[in-house]
Amino acid sequence: MFCTLSTRLLNICIASFCKARQLQKAEAVIIDGIRLGVLPDVVTYNTLVDAYCRFVGIDAAYSVLHRMREAGISPDVITYNSLIAAATRKCLITRSLEFFNEMFQMGIPPDVWSYNILMHCFFKSGQPEEAYGVFLDIINLSNLSPSPATFNIMINGLCKNGCTHGALKLFRYLQSLGFVPHIVTYNVLINGLCKSGWLGKAMEILEELRESGNMPNAVTYTTIMKCCFRSRSFRSRNGSRNYERGLEIFSEMKSKGYTFDAFAYCTVVGALVRRGRIEEASDYMKQMMRKGIALDIVSYNTLINLYCREGNLEATYKLLDEMEERGLECDKYTHTILIDGLCKAGNIEAACRHLEYMNMMGSGSNLVAINCVIDGLCKAGEIDKAMKMFKTIKLKDSFTYSSMVLNLCRAGRFHTASKLLLSCLRGGMGILRSARKAVLDGLRSSGFTGEARKLKSKIRLAQILRY
DNA sequence: ATAGGGTTAG
C-alpha cells in the first residue's frame, strides 16, 4: 500500500518534469526513487516514452522500451499507442505500421485507439483506401467497437483526401443509425465542405449544428470566416459580399469572446493583407498583441508577411532574430513568405540565395517558393533565367504553368507560351483562365489566327481526355 | 494516449 502510494507520487513528479520538458530531471528522479525503494511502474515509463516522443524523437523514445524491460516492466498498449501517434504526427506510415505489428507480435492486443491512430496515419499519408481498410477492421473485429474519434478521423480523412461527398454520406449514414454528432464532428465536416468550396452546404450543416442544441465554437467560426474570405473571385459581387460577411463574423467572434487565441486574428490579417488592406491588418495585429496573445510560429509568419507587404524588410529581419532568440524554428511558410517578400521588394538575388539556402538545409523542395522566384525573375525582366529554372524543376503545378505562361505572353512570346499551356493541360492540370486567354488573344493579335484556332481545338481535346 | 480552426505564390 505504501509502495503504491509512493509510486503514484513518483509518477506525478515525473509527469510534471516531463511537461516542463526536463527529461534529464525526470530520469534522475526515477533513479533516486529506485535507490529509496520506490519502484517505477508502467505508468512511469509510459509518461517518459510519450515525453521523448514529443520533445526528443521516436528513436530516443523507443530506446526507453529496452530500459523498461530491463527494469522488469513490460510495455503495454498505451506505450505503443504513444509511439504510433508520434510516427503519425511525423507522417511516418511505415514506422507506424512497424510499431503496430511489433505490438501484435509481443502479444499486446491493439485497442481502438491504436486502430484510430493508424487509420489517421494512412489518411495523412494520402492512402484513403488503406485507411478505409482499417476502418472496416474496427467495425468488423469482434473485440473492437468504434469510438466517436473513429468517425471524426474518418470524416476528416475523407475530406482531406478529396472525398467530401463520401464524408457527407458517412455523416448522414451515421445520423440514420442514431449517432449524435459531437461539435468536433460538425467542425470537421464544415471544414471539409468549406475547403471544397461548398459554402452553402457548410452553412446548412452549421444550421443543423445549432438545431442540434450544440453551440458553434471558436473553431466553427474561424472555419466559416476563412471560407468567406476565400470564396470566389473578389471581383464578383457574391465574392465581395462574402468577404464583408467574413469581416462581420470576426466582429461577432470578438464580441462573443472567441478571439482568445491567434487563430482568428491570423485568418483576418492574412485575408486583409492579401487584399492590400495593410493598415487594417496592421491594426488587428497590434490589437492581438495588446491582448497579450503570445506569438506562435503562424503569428510570426502572418506578421512577417504583413511587414514584407509594407516593404519593411528591416522589421522583418528583426522579427526573425526575435524568433531565433525564442528558439522558434522557421517553417516552410516563413521561408516562402520571405522569398516572396524579397522578390516583391526587387531583391531577386537575395531571394535566389535564400531559396538555395533552403535547399541546402534539406527542408524538402518548396514549390511555392520556387514559383515565387520564377514569377519574380519574370517581373524583373529576367525571363530567360526564369525559363531555365522552370525547365530544371521536375514537379510543376498549375501555379508554375499559369505564371510562366502569363509572363511569356507579357513578353510577346506566344508560341512558347502556347507549348507550355498544352503541356500543362496534358499533364492533367488546370490553368488560369486569364493565362489561356492571354495566349489565344496574343496569337490572334500578332497575326497567327490559324495557330490560335488550332490551339483552341487542342485545348478542348486535352480537356476531354482528362475525363 | 487518438480526432477539428489560422500563415505562402499566378
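Letters A, B, ... mirror the listed sequences (proteins, then strands); counts begin at 1.
Checking B/dT2, B/dA3, B/dG6 against the side-chain heavy atoms of A/Arg54 singles out B/dT2 as nearest. Checking B/dT2, B/dG10, B/dA3 against the side-chain heavy atoms of A/Ser147 singles out B/dT2 as nearest. Taking the side chain of A/Asp111 as heavy atoms from C-beta on, and the options B/dT7, B/dA3, B/dA1, the nearest nucleotide is B/dA1.
Here A/Arg353 pairs with nothing under the side chain to side chain donor-acceptor pair (under 3.5 Å) rule; sequence neighbours left out.
No side-chain heavy atom of A/Met404 sits less than 4.5 Å from a side-chain heavy atom of A/Thr416.
If you check every strand for non-hydrogen atoms under 4.0 Å, A/Asp340 touches sugar and phosphate atoms only.
The shortest distance between the side-chain N/O atoms of A/Arg230 and the OP1/OP2 oxygens of B/dT8 is below 4.0 Å. Between A/Asn305 and B/dT8, a side-chain N or O to OP1/OP2 separation shorter than 4.0 Å is present. The phosphate of B/dG5 has OP1 or OP2 within less than 4.0 Å of a side-chain N or O from A/Lys160. Between A/Lys226 and B/dG5, a side-chain N or O to OP1/OP2 separation shorter than 4.0 Å is absent. Between A/Arg436 and B/dG10 there is no side-chain polar atom (N or O) within less than 4.0 angstrom of OP1 or OP2. Between A/Lys344 and B/dG10 there is a side-chain polar atom (N or O) within less than 4.0 angstrom of OP1 or OP2.
Remark: the A/Asn217 side chain and the B/dG5 base include no donor-acceptor N/O pair separated by less than 3.5 Å. If you check distances only, the side chain of A/Ser402 does reach the base of B/dG10 with a donor-acceptor pair under 3.5 Å. In the interface, the side chain of A/Thr222 is paired with the base of B/dG5 through a donor and an acceptor atom under 3.5 Å apart.
For the 3.5 Å distance criterion, the side chains of A/Asp111 and A/Asn81 qualify, holding a donor opposite an acceptor.
Annotation: A/Phe179 is not in aromatic contact with A/Phe171 [ring centroid separation under 6.0 Å not met].
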